[in-house]
Structure formats: C-alpha cells, structure tokens
Amino acid sequence: MEKKDIRLVTLKKNKEFTFVYHRGKSCAAKHMVLIYFKNKYGGIRTGFSVSKKVGKAIVRNKIRRRMKECMRELLVQMVSGESANLIFIARAPIVEIKYAEMRKEMRYLLKKAGLFTIEKNK
RNA sequence: CGAGCGGAACAAAUGACUGCGCCUUAUUAUGAGGUGAGGAACGUCCGAGCACCAUAGGGCAGAACGCCGGGUAACGCCCGGUGGAGGCGACUCCAAGGAAAGUGCAACAGAAAUAAACCGCAGCAAGGGCUGUAAGGGUGGAACGGUGAGGUAAGAGCUCACCGAAAUCAUUGGCAACUUUGAUUUCCUGUAAACCCCGUUCGGUGCAAGAUUGAUAUAGGAGCAUUUAAUAGCGGCCCGCUAAGCUUCGUGUAAUCGCUAGAGCCUGUUGGCAACUGCAGGUCAAGAUAGAUGGUCAUAUAAACAGAACUCGGCGUAUGAGCCGUCUCGAUUC
RNA sequence: GAUCCGCUAGCUCAGUAGGUAGAGCAUUUGACUUUUAAUCAAAGGGUCCGGAGUUCGAAUCUCCGGCGGGUCA
C-alpha cells in the first residue's frame, strides 16, 4: 500500500530551527503560525514551538502532543512528492480550542502554504 | 443541629481502535508480548549520598544554628518533655544561650532615657541663691520593685512586716531542661530578629559532576614565565602542598557509560509513651536527551493542583471529593 | 541545574546604623494671557507586593509565600 512512509519526523537541533526561521515564509491563523521552507530532499520534517506565554509545563506539553497528533493525521493526506521543513508556533489562545478545531486550522494553514491538496486525496 | 479542634488515607478504573519511549523475543523491517510521571514530580529553602579537585591540611575572615532528652546516614527535620504566650475549651504557637565583658540606639513627649532634679518638700540665707531629698505631680512602652508602719528638719530598703522579682547555696522530684521548699544576698530600664560575647557545625564545586572511545583542530589574536617569580588547582585572604609551560579570547563540541535495587516499599512482629528501631517473609521492568502517556469512543459523570531529567531524607507552597474521633464548646429535645 | 536582584503616588525613582513617607513628571484648582502653551502659586493622591514574628514602634530587621527580571554552564 501507499501507507508506507508516514512516520512523523521532527526537527531537533537549534540550528535547524533558526535556519527555517530566517529563510522560511510564514502564514498565520488565529491560534497558530506556520513557517515553512521548501527544499529538494529529506521529506517533510516538522518542528513544534510552544512558548512560555502559553502556559505552564503541563499545558505546553499537552498542546505539543495534540499538535503532533494532528500532524500525524494530516501527513497521511498530504502530497507525497513534496519535501519541506515546517515549524508550527502556538499562540496564547490555543489553550481554549478543541482538538477538532486545531486540526481544521492546521489543514487551512497547510493549504495556504501549498503543501496540501484535496484533489489528490480524492 | 451549629461552630470548632485534631488525625489518617485516596488522588479514578476497565475495555476497544489508533499513535509514542524503553525492554524482551522472533525475524530483518516489521510483527508479538511486557511496561511507562506525582503527592506534591513544583519551589530550590535545608540535609546527605555520589563524582572530581591534595583521601581536604594550619590560621584569619565569613556563614548557619542555639531550652533539655531522644530519633536519624545527616539536618535548620521529626518525636517526647520543660518554660513562656494565646484560647471558655479541644488545642495551637514560640530563632527559647548571654544585657552583671564592652559598644551603640531609645523619635515625639518629658526636668531627666541610664543619668538624674522642672515644680515640690525641708534646712541655711532670706532680693536672686546654696545644701539635702527622691514622698507627691505630670510625660512615656520604660523613670534605681509595691503596700503599710517606724524613722527624719524633710525624706529615702535607712529599718521592719507582708508581697513580687533575680542570683547563689542546700533540699524534693527528674537522665536533663526545670521544679518543690528553705536560707542568704540583691532589686540592677529595654533592645542581641543592633554590633558583639560564649558554645556547636561548616574545604570547594556540582551529573552540563566526572569516566571512556572517536573525530576535528593542535589554525588564529592577546598575556605571563623559563628557576623561585608569575599563573593555575584554590572562585574571600594568608601560609602550605602540587604542576614545567600555562592562562585567556575566539572556533568547534559526537557517541557510550554515569542512569536507576535504594539509608527502597509492604505485611507481621520485638523494644519504645512516641519519632524510630531489630528480626522474619514478601515485593519492585519510567529512564528520555527539542526530551516518551496523545486522539476517538463505551461504562449514567470525569471533574482539583499539576509533568520525571543523578538519587534519597525533610521543609514550604498549590489543590478535589469524601471519611474518622471514649475530642471541645454552644443550643434544643428526651 | 545553580545563582543573584527588584517590587514605594497614575508613571519614573529617592528613602541606612528602625521614630510623622518624599522628589520630578502627570492630574485638579487659581493667577498671568484675547485664548492656548510656557511660567508662577496651591491642592489632592500611598493596605510602602502579601502574611506572620521581633520591638514601645517596622517601608526599613527576621522568616514564609507571590509576581517580575537578570547571570553562569
């Protein structure tokens, strides 16, 4: 089947983050911001950033886990050929919203960035 | 029934699908099985283990602690007592050595704040004044203890009686702090959570400690020295010890170990008022490294505070619903 | 992980051996001016981050918290 390479690969090094921050393009929504940098190889790699403004340790942890889960679900439906580095940055009001809304918004952001197409999935 | 006081314990569970870390196993990129945050993981306020620096040395400085006895690996923690403070009470709280080693401070008020004399009282002089006095007045948180009598020129622990306080000695009880009673002496402001004195304790740095392996570089700038100086270990200072090149800026900084079985937890029991402890039996797979527990449901309903990063013992703080007691006070009824 | 500092009027800050809490700006009122600004004069405004303790008395000393910020690796 095509369900082969859908493991979530995360950005780890501080260098990688700063690189994307400097070179990448951004698009924003109410509850989060996406910064993306398209490259030739390496597949889709994602980083998540939740600052201290959002909440205490346990709150930040929960939000990051939810965002990871969202990405995992969306990764299946995405264009397979593309490869890019993404960073999702959580904003303060993200604490209020539910999981479904979060996924909706994430899909909107990816579509905006041109990494997500519904036609392909159909 | 109302208002309190004290105490202990819990911190959702199970199942399904789907994901993540680690371990085991089969087989070679996946499958199967197991397992996976807290009572505070938090704050980082103390005490240790462990590691390295001289297996930690001498002195000064500095810091912490401070009733007594016990517990503990240790503690600034805990338990039991003593004394004091608060509460009708159950009970709670207390950094609780020394003010008679010395220094400082005590605003305003008041004559005067640690030393005395403003008004007053008495004697002498008699216009101011000099001497004695600490009864009375007023101020203040505090004015050489309080009341009464004697005494005196007027007064005063000057003397006596009673009361109060402190110290010393003896004595009752207690391991002790302390306490009971008696005698003697004294009556002295408070503050040490002001400096300080006395006693006790403390070497420094912290798992990013440190060890091993490998790679890269031994590029470059600056400083000091080559023989008793400087620098570093040693980050308060001096002595002392060690090192033959060292320090600093800059660049670069991977993997493995350390890394989880420990002063562990539970049950019974010995000793003890208790903290705790001896013995016996049982039991214990979180170990990540941008950092693992999420998502969707079901069980009527899931809710508080909150997320491990070397590990323990305390303390402090946050917080949900309920429970217990020969407990206390008040009201009512029998 | 370790360590240090701050919190005082609406804002920015003073306030040391503990004794009535102050300055500048801002605000309000009045004067000057045709009016405003500037200037001058006056006034109001403080649980001294919170709670305990020591003391006759605490912004100040001690302890325990809260919030904010810095430094080192």
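- Taking the P atom of each, B:U179 and B:U168 are spaced 12 Å apart, rounded to whole Å.
- Of the two residues contacting RNA chain B, namely A:Asn61 and A:Arg103, the nearest-nucleotide position lying further toward the 5' end is that of A:Arg103.
- Protein atom NZ of A:Lys68 is 12 Å distant from nucleotide atom C1' of B:U293, rounded to whole Å.
- Under the 4.5 Å side-chain contact rule for hydrophobic residues, A:Tyr108 and A:Tyr99 do not share a cluster.
- Nucleotide B:C20 is matched to B:G36 when pairs are restricted to Watson-Crick or G-U wobble geometry with both distances under 3.5 angstrom.
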Side chain to side chain contact (heavy atoms under 4.5 Å, CB included) for A:Met32 and A:Met102? Distances and angles first, verdict last. CA-CA 9 Å; A:Met32 59 183 87; A:Met102 194 188 277; 3.6 Å; yes
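- Under the Watson-Crick or G-U wobble criterion, with both distances below 3.5 Å, B:U191 is paired with B:G104.
- For B:C196 and B:A63, the P atoms lie 8 Å apart once the distance is rounded to whole Å.
- For B:A122, the paired nucleotide is B:U131, the pair qualifying as Watson-Crick or G-U wobble because both relevant distances are below 3.5 Å.
- With both pairing distances under 3.5 Å, B:U25 is matched to B:G31 as a Watson-Crick or G-U wobble pair.
- Within 90° of 0 lies the glycosidic angle of B:G157, which makes this nucleotide syn.
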Step by step, would you call A:Leu86 with A:Leu110 a side chain to side chain contact (heavy atoms under 4.5 Å, CB included)? CA-CA 10 Å; A:Leu86 313 173; A:Leu110 287 168; 4.0 Å; yes
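- Glycosidic torsion of C:A21 falls outside 90° of 0, placing the base in anti.
- Nearest heavy-atom pair across A:Ala90 and A:Ile63 is CB-CG2, 4.3 Å.
- Distances shown here put every side-chain N or O of A:Lys62 at or beyond 4.0 Å from the OP1 or OP2 atom of B:A292.
- Between A:Ile63 atom CD1 and B:G295 atom P the separation is 11 Å, expressed in whole Å.
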Using Watson-Crick and G-U wobble pairs whose two distances are both under 3.5 Å, how do you write the pairing of RNA chain C as dot-bracket, with | for links to another strand? (((((((..((((.....[..)))).(((((.......))))).....(((((..]....)))))))))))).
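- Atom-to-atom, CZ of A:Phe48 to C1' of B:G291 comes out at 14 Å; the value is rounded to the nearest Å.
- At the heavy-atom level, A:Arg64 lies under 4.0 Å from the strands shown only through sugar-phosphate atoms.
- To the nearest whole angstrom, the two P atoms, one in B:U212 and one in B:G258, are 15 Å apart.
- A:Val33 and A:Phe37 end up in the same hydrophobic cluster when Ile, Leu, Val, Met, Phe, Trp and Tyr side chains are linked at under 4.5 Å.
- When the nucleotides B:G291, B:G295, B:A37 are ranked by their closest atom to the side chain of A:Arg65, B:A37 comes out on top.
- Taking the syn range as angles within 90° of 0, the glycosidic angle of B:G39 is syn.
- Only the C1' atoms considered, C:G65 is 47 Å distant from C:A41, to the nearest whole Å.
- For the pair A:Glu105 (side chain) and A:Ala29 (backbone), a donor-acceptor distance under 3.5 Å is absent.
- Under the Watson-Crick or G-U wobble criterion, with both distances below 3.5 Å, B:G210 is paired with B:C257.
- Annotation: B:G81 and B:A208 have their P atoms spaced 47 Å apart (nearest Å).
- Taking syn as a glycosidic angle within 90° of 0, B:U260 qualifies as syn.
- Residues A:Lys112 and A:Cys27 come closest through the heavy atom pair CD-CB, 4.1 Å.
- B:C52 is paired with B:G204 under the Watson-Crick or G-U wobble criterion, all donor-acceptor distances under 3.5 Å.
- The separation of B:A225 from B:G220, taken at their C1' atoms, amounts to 22 Å, rounded to a whole angstrom.
- Of all non-hydrogen atoms in A:Met67 and A:Met106, the two that sit nearest each other are O-CE, 3.6 Å.
- Only the C1' atoms considered, B:U152 is 14 Å distant from B:A134, to the nearest whole Å.
- Note that OG of A:Ser26 and CG of A:Leu34 are 8.5 Å apart. Values are rounded to the nearest 0.5 Å.
- Distance check on atom P: B:U35 versus C:A73 gives 45 Å, rounded to whole Å.
- B:U228 is unpaired under the criterion used here, namely a Watson-Crick or G-U wobble arrangement in which both key atom distances are under 3.5 Å.
- A:Glu69 contributes no side-chain N or O that forms a donor-acceptor pair with the base of B:G295 under 3.5 Å.
- Of the nucleotides present, B:U14 is the one that pairs with B:A298 by Watson-Crick or G-U wobble criteria, both distances under 3.5 Å.
- The nearest whole Å value for the distance from the OH atom in A:Tyr99 to the P atom in B:C297 is 11 Å.
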